[in-house]
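Notes follow the structure.
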Amino acid sequence: MPELPEVETVRRGLEALIVGKKVASATSDNPKSFPNAPQDVASFLVGATIQDIHRRAKLLLVSLSSGYSLLVHLKMTGQLVYVDSGVRFGAGHPNDSLVHELPDRSTRVAISFDDGSTLYFNDQRKFGWVRLMPTIEVPNIDFMKKVGPEPLEADFTAAQFAQRFARRTRTNIKAALLDQSVVAGIGNIYADEALWGAHIHPQRLVASLSEDDFERIYIDVRAVMNLSIEKGGSSNKNYVNAEGKKGSYMDFARVFRREGLACPRCGATIEKLRVAGRGTHICPVCQTI
DNA sequence: CACTTGACCTGTCCGC
DNA sequence: TGCGGACAGGTCAAGT
């Protein structure tokens with residue numbers, strides 16, 4: 001599911017909804033989804049107050065007054081949905097059949113607050129996870145040491161962006177964009193959207209790209225991600241924000257999941273191929289090898 | 001090291 | 001209507 005814009009949308013929602021709340025109880029039915037739940041929940045989660053919500057790449061970091069943090073990775077189908085009394089999951093979506101009560105069969109973790117509200121971690125495919133660990137240790141985890149820079153930071157330049165690819169010259173640009181250690185937060189949707197914007201074919205070898213090519217990719221990565229955050233992210237299927245509502249970026253997508261439709265720039269028919277093991281969408285006229 | 005592929009899971013869709 | 005296979009927004013652990 002969620003790439004940087006979706007995780008950032010969830011982060012902003014949670015910031016408004018749960019900061020300052022005190023945890024009353026927490027349950028998990030699936031050890032894979034919350035591995036250290038049994039031993040640490042009672043000691044470091046229950047009774048703690050939510051202090052703030054940060055994001056690094058696609059990872060959410062919820063810091064607690066106990067000195068511990070809750071780390072959440074949504075992977076492909078994870079959702080964090082806050083439910084106040086009386087609010088139903090999916091409410092507000094045009095398709096009424098999506099509206100139902102939580103928890104449901106994809107609920108893996110439920111964290112309840114002392115005001116009666118609950119935060120649900122739902123994850124159909126069980127790839128995502130929640131982990132509790134001391135806040136002071138967070139910067140030392142492998143993820144933090146390996147992950148690349150945040151592409152939307154104001155001081156992140158086109159030259160720095162291009163430099164990050166120096167290590168990945170023998171592969172294609174799509175695989176390199178998806179590599180979280182190069183630049184953080186880009187996933188399958190925004191890789192395709194940005195490469196279309198930059199007129200670059202996803203199978204172009206990194207070594208063949210010019211400074212000018214990198215600058216166009218840099219500009220488009222930032223443009224599509226900023227637009228998506230503004231639109232509340234992309235909802236292909238599972239993604240919803242912290243209030244259970246879908247994002248609308250897919251209404252603005254130019255190539256992603258638009259195979260068979262017209263390229264909005266030249267009118268040619270958009271094609272789907274497989275690059276770096278992922279479904280990949282291109283305009284065969286605008287993007288040539 | 002850099003690179004590729006398959007695995008992790010559940011659900012849905014598409015062709016027979 | 002049923003069944004098998006491909007595929008789905010992301011990482012990992014293996015292999016070369």
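Quantities reported herein were computed from a predicted structural model and do not represent experimental measurements. Each chain gets a letter, A, B and so on, in the order its sequence line appears, and its residues count up from 1.
- When each of A:Q79, A:K32, A:K126 is checked for a side-chain contact (heavy atoms from CB on, under 4.5 Å) with A:R108, only A:K126 meets the rule.
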Trace of the side chain to side chain contact (heavy atoms under 4.5 Å, CB included) decision for A:L74 with A:E6:
CA-CA 10 Å; A:L74 303 172; A:E6 289 75 32; over 6 Å; no
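- Atom P of nucleotide C:dG9 and atom CG of A:N238 are separated by 11 Å, given to the nearest angstrom.
- A nucleotide of DNA chain B counts as in contact with chain A when one of its atoms lies under 4.0 Å from a heavy atom; the first and last such, 5' to 3', are B:dA2 to B:dT12.
- A side chain to side chain donor-acceptor pair (under 3.5 Å) with A:T107 is found for one member of A:D29, A:N30, A:N122 and no other, namely A:N122.
- Atom pair A:M225:CE and C:dG9:C1' shows a separation of 12 Å (rounding to whole Å applied).
- Under the 3.5 Å distance criterion, with hydrogens and angles disregarded, a donor-acceptor pair is assigned to the side chains of A:D123 and A:T77.
- Between C:dT11 and A:H73, a contact under 4.0 Å exists linking OP1 or OP2 to a side-chain N or O.
- In terms of modelled atom types and a separation under 3.5 Å, the side chain of A:Q160 and the main chain of A:T157 share a donor-acceptor contact.
- Within residues 123-130 of chain A, the residues approaching DNA chain B are A:Q124, A:R125, A:K126, A:F127, by heavy-atom distance under 4.0 Å.
- Put simply, the side chain of A:S181 never gets that close to the backbone of A:D179: no donor and acceptor are under 3.5 Å apart.
- Remark: C1' of C:dT11 and CG of A:L71 are 15 Å apart, rounded to the nearest angstrom.
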Applying the Watson-Crick and G-U criteria (both distances under 3.5 angstrom) with [ ] for crossing and | for other-strand pairs, one obtains for DNA chain C .|||||||.|||||||
Run the side-chain donor-acceptor check on residues 261-276 of chain A: report pairs under 3.5 Å with partners two or more places apart or on a different chain.
unit_1: A:R265; atom_1: NH1; unit_2: A:W196; atom_2: O; d: 3.2
unit_1: A:R265; atom_1: NH2; unit_2: A:W196; atom_2: O; d: 2.8
unit_1: A:R274; atom_1: NH1; unit_2: A:G277; atom_2: O; d: 2.7

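- Taking atom NZ of residue A:K272 and atom C1' of nucleotide C:dG9, one finds them 12 Å apart after rounding to whole Å.
- Going from atom CZ of A:F127 over to atom NE2 of A:H73 covers 12.5 Å, rounded to the nearest 0.5 Å.
- Whole-Å rounding puts the A:F143 CZ to C:dC12 C1' distance at 13 Å.
- Atom CG of A:D192 is separated from atom P of C:dG9 by 9 Å (rounded to the nearest Å).
- The shortest distance between the side-chain N/O atoms of A:R278 and the OP1/OP2 oxygens of C:dG10 is below 4.0 Å.
- Judged as a ring pair (Phe, Tyr, Trp, His ring centres under 6.0 Å), and not counting sequence neighbours, A:Y120 has no contacts.
- The P atoms of B:dA7 and C:dG5 are separated by 15 Å, rounded to the nearest whole Å.
- Between A:Y190 and A:Y249, the gap from one ring centroid to the other is short of 6.0 Å.
- Listed by chain and number, the residues in a side chain to side chain donor-acceptor pair (under 3.5 Å) with A:S28 amount to none (sequence neighbours excluded).
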Close N or O pairs between protein and nucleotides 13-16 of chain C (under 3.5 Å):
none

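- The P atoms of C:dA14 and B:dC9 are separated by 14 Å, rounded to the nearest whole Å.
- Remark: A:K231 pairs with no residue by the salt bridge (charged side-chain N to carboxylate O under 4.0 Å, His left out) rule, at least two apart or across chains.
- Screening residues 192-212 of chain A for salt bridge (Lys or Arg N to Asp or Glu O under 4.0 Å) gives A:K174-A:D192, A:E193-A:R254, A:R204-A:D213, A:D212-A:R216 as the qualifying pairs, with residues at least two apart or on separate chains.
- Comparing C:dT11, C:dC7, C:dG9 by their nearest atom to the side chain of A:K58 picks out C:dT11.
- Contacts of A:D114 classified as salt bridge (charged side-chain N to carboxylate O under 4.0 Å, His left out), with partners at least two apart in sequence or in another chain: none.
- With the nearest nucleotide of DNA chain B identified for both A:K237 and A:K32, A:K32 has the one nearer the 5' end.
- In this view, A:R11 and A:E8, A:E15 satisfy the salt bridge (charged side-chain N to carboxylate O under 4.0 Å, His left out) rule, not counting sequence neighbours.
- Residues from residues 178-188 of chain A lying near DNA chain C, meaning a heavy-atom separation below 4.0 Å, are A:Q180, A:G187, A:N188 in numerical order.
- Among the protein residues, A:R108 comes within range of no part of the nucleic acid, since none of its heavy atoms lies under 4.0 Å from any strand.
- Below 30°, between 30° and 60°, or above 60°: for A:Y68 and A:F44 the angle between ring planes is below 30°, a parallel geometry.
- Heavy atoms of A:S106 sit nowhere under 4.0 angstrom from any nucleic acid atom.
- Comparing the P positions of B:dC13 and C:dG9 gives a spacing of 15 Å, expressed to the nearest Å.
- The pair A:D115-A:K21 meets the salt-bridge criterion, with a side-chain N (NZ, NE, NH1 or NH2) lying under 4.0 Å from an Asp/Glu carboxylate O.
- As judged by a 4.0 angstrom heavy-atom cut-off over every strand, A:S234 is placed among the base-contacting residues.
- The closest side-chain donor-acceptor pair between A:S112 and A:T118 falls under 3.5 angstrom.
- At the heavy-atom level, A:F256 lies under 4.0 Å from the strands shown only through sugar-phosphate atoms.
- When the C1' atom of C:dG9 is taken as reference, atom CZ of A:R257 falls 8 Å away, rounded to whole Å.
- The CD-C1' distance, from A:E259 to C:dC7, rounds to 12 Å in whole Å.
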